[in-house]
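Below is one structure, written out as structure tokens; comments come after it.
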Amino acid sequence: MILRRYGILILIIFLILAFLAPLFMGPANETVAPPFSKPLWLDLKSPAPRSYSVKDEIFSFKWDGNPPATFSLKGTVSFDRPPERAFILLVTPSGAYKLADLSGAKRFDIDIDSRDVPLKLELGMDPFSDLSEIAFSERGIYELIVKSDEDATIDLNLDIHVGRWGIFGTDQRGRDVLRLFVEGIKISLLVGISATLLASTLGMGLGLLAGYLGGFVDSAIMRMIDVLLAIPTLPILMVISGIWGRGLWQIVLVLSIFSWMGTARVVRAMTLSIREAPYIENLRALGAPTGYILARHLVPEALPLLLAQMALGVPGAILAEAGLSFLGLSDPLMPSWGRMLHEAHVFGAFTGGAWWLIFPPGLGIAAICLTFIGIGRQLEERTDPRLKESLRK
Amino acid sequence: MKSGNYWMRRIFTSLLVIVIVLSLNFFLFRLMPGDPTSTLLDPRFSPEAKEELLKSYGLDKPLFQQFLLYVKQMLSFKFGLSFLSQKPVWQELAERLPNTLALLLPSLFLSAVLGTFLGVMAAKGRGKFSEKIVLMSGAVSFSFPSFFVQLVLLLLFAHVLPLFPLRGSASIPPPVGFWNLLGDKVWHMALPVLSLVLIGFGSWALYVRNLMVKTLGEDFVLLARAKGLREGQILWGHAFRTALPPIITIFFLSLPGVISGAVITETVFSLHGVGKFLLEAVSGHDYPAAGAAFYLLALITVICNLLADAAYALVDPRISFRKVRR
């Protein structure tokens with residue numbers, strides 16, 4: 001009921017999130033943290049993930065928590081002259097680890113991850129052991145040292161990942177779920193609104209024609225509605241998306257072709273009742289052409305009801321798009337809520353108990369649909385106040 | 001006379017659905033860019049096999065003749081070979097059909113019964129707890145995606161609390177003995193059917209409630225009350241019986257949606273059914289199989305529609321066609 005009263009407000013918040021938030025965030029498909037990182041707020045006592053920019057030869061930091069999941073070191077080290085002996089050391093309270101050998105060249109591109117097997121072998125460790133757990137096993141002062149016999153210019157980034165990231169964690173590719181969620185709002189709104197607009201235009205046109213012209217046109221359109229209503233939508237969407245490709249606009253087009261029937265019926269029924277009204281008869285007696293009567297009298301009369309129908313139709317389109325994406329029949333490069341759930345399902349969010357991959361997109365779809373239902377009901381009550389009274393009785 | 005007219009129209013509509021589905025199948029797959037052999041025949045086939053299959057599909061004839069041949073083949077369930085498994089498509093579908101029906105029929109029946117009962121109760125007790133439940137479950141079934149609810153159910157009752165299997169429609173290897181087999185089937189089907197009922201009953205209940213609220217406000221209900229009939233008799237014997245025909249109308253209007261839901265459900269629970277077969281065929285570009293599965297799903301819808309019509313004729317002997325329309 002809250003949704004009913006604040007429907008428009010919630011919609012505006014969604015819109016702001018969808019179109020302004022991406023300006024402050026990176027690209028949606030970017031890997032930001034290790035896969036399946038949990039949301040940060042699950043364990044507030046442990047240290048947060050850290051990212052250090054290392055410019056000096058000796059860089060020290062404090063670590064006072066459980067061992068991190070992984071750490072990585074990226075960037076460049078360059079020397080004035082190729083050094084004879086140079087290396088990067090990670091000095092921990094329990095020992096020192098030589099992360100890289102830098103001798104014999106002027107410039108090194110560093111890309112080290114604690115999961116690299118060659119690195120572990122180099123350090124004389126078992127390839128299946130966890131370097132970050134062993135290196136960060138104790139709390140205290142840690143130092144990252146670039147040791148060389150030449151002057152070095154250092155530009156390194158040390159990232160320590162703790163297996164937790166952001167508000168909603170990360171997915172199987174290490175993408176930020178919050179970023180994907182925001183992208184999903186955009187896709188859902190885009191598909192929902194544009195498909196409904198198209199379908200309503202189609203439905204209104206055909207409904208007006210059927211209702212006003214009657215006779216053969218009417219029965220042909222009504223038969224068409226019967227047939228389309230009896231065809232299961234999702235299977236045909238699947239078949240068409242398999243053939244036509246998986247773009248967003250194909251989905252919108254097919255969705256609107258298969259969802260104009262409800263609007264057409266409502267508009268037809270309304271037109272039938274208005275057509276017989278005395279003022280229309282008067283207009284006809286005055287010689288008004290059909291097009292004029294349709295455009296100036298029937299459409300404005302049917303419009304408020306049509307708006308309500310449109311708002312109530314948006315959830316259907318959103319759910320259909322989500323269903324199609326959930327089945328994996330959408331563009332794999334375009335993150336949407338259905339796609340997120342598809343990936344959660346396919347990449348085993350359950351076996352890891354990764355619920356943060358399931359709830360944000362699922363509840364997002366539900367929230368947006370409830371919002372539109374609320375707006376639709378409100379519009380319906382505006383056009384037909386009897387509905388309101390019968391609810392309060 | 002009138003009833004004959006009604007049946008004629010219903011059967012005509014059903015036939016039209018089948019014809020349209022078949023033509024969609026035919027033209028969608030054939031009007032794709034490129035040579036039809038590249039989409040209809042597996043590229044791995046030898047040229048001789050290709051030639052033979054071309055003939056059996058009648059691809060050397062003009063398009064219209066091809067279409068007639070295609071319709072004839074579809075109506076006699078000759079679906080050709082699947083690209084993926086190299087087995088006859090019909091055999092594959094026949095293997096999966098029982099699973100789809102075992103998912104569809106119980107969930108349809110249960111959600112209809114539960115939804116109708118709750119809807120009538122909500123109409124009786126307006127403003128009470130039962131009505132709030134119905135209004136809420138209605139909103140849920142219109143806005144929550146089925147696969148999300150099912151994923152959550154899986155997470156709760158198969159992962160956190162391992163009561164039900166995570167995937168599949170039968171244990172591997174299957175248990176021995178008829179009763180064990182049946183028990184295994186029920187155990188695998190319980191969660192999918194339950195989830196479909198959970199999602200489906202809300203919209204039913206909401207619809208029935210709205211109908212019943214209208215009916216309970218009519219004069220004949222007032223008369224029944226004035227006669228001093230018991231409340232239960234008024235509710236079920238008078239009001240509900242009057243509201244029954246539109247309920248049956250909505251039953252068959254909801255069928256395509258339920259079939260769509262079954263496709264998703266089979267995917268979520270990895271059930272060995274027609275819907276999952278369709279998905280595999282579509283994503284594997286297995287066109288004969290995809291077309292056949294789609295045709296079969298449409299056929300199930302049409303048959304259920306006709307059954308619903310028969311039920312309609314039973315509860316409303318007048319069956320004047322115009323009443324159904326409005």
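A, B, ... follow the sequence lines: proteins, then strands. Residue 1 opens every chain. All values below were derived from every heavy atom in this structure, side-chain atoms included, with hydrogens, water molecules and symmetry-related copies excluded.
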task: Please determine, among A:Ala230, A:Gly338, A:Pro315, the option with the most heavy-atom pairs under 4.5 Å with chain B.
output: A:Ala230

- prompt: With respect to chain B, which residue among A:Ala269, A:Gly316, A:Pro235, A:Cys369 yields the maximal number of heavy-atom pairs within a distance under 4.5 Å?
  reply: A:Pro235

statement: Scanning both residues in full, the closest heavy-atom pair of B:Ser143 with A:Leu319 reads O-CD2, 3.8 Å

- prompt: Do the non-hydrogen side-chain atoms of A:Phe326 and B:Val268 ever get within less than 4.5 Å of each other?
  reply: yes

message: I need the residue from B:Phe294, B:Phe147, B:Phe142, B:Phe12 with the largest number of non-hydrogen atom pairs under 4.5 Å to chain A.
response: B:Phe147

- request: Report yes if some heavy atom in the side chain of A:Ile231 is under 4.5 Å from a heavy atom in the side chain of B:Thr301; otherwise report no.
  value: no

- line: dist A:Met238:CE -> B:Leu278:CG (nearest 0.5 Å) comes out at 4.0 Å

Proximity breakdown for A:Ile236 and chain B, heavy-atom pairs closer than 4.5 Å: both

query: Between A:Ile240, A:Leu363, A:Ile318, A:Thr233, which has the largest tally of heavy atom pairs under 4.5 Å with chain B?
result: A:Leu363

message: Report which part of A:Phe372 has an atom under 4.5 Å of a heavy atom belonging to chain B: side chain, backbone, both, or neither.
response: neither

field: chain A interface, residue from B:Leu279, B:Leu255, B:Val263 that has the most non-hydrogen pairs under 4.5 Å
entry: B:Leu279

query: Can you tell if the side chain of A:Trp355 reaches within under 4.5 Å of the side chain of B:Leu155, non-hydrogen atoms only?
result: yes

task: Please identify each residue that fulfils side chain to side chain contact (heavy atoms under 4.5 Å, CB included) with A:Met261, with sequence neighbours left out.
output: A:Ile225, A:Leu228, A:Leu229

message: Quick check on the interface: out of B:Val302, B:Thr267, B:Val21, B:Ile300, who has the most heavy-atom pairs with chain A under 4.5 Å?
response: B:Thr267

message: When you compare the side chain of B:Phe144 with that of A:Ile365, does any pair of heavy atoms fall below 4.5 Å?
response: no

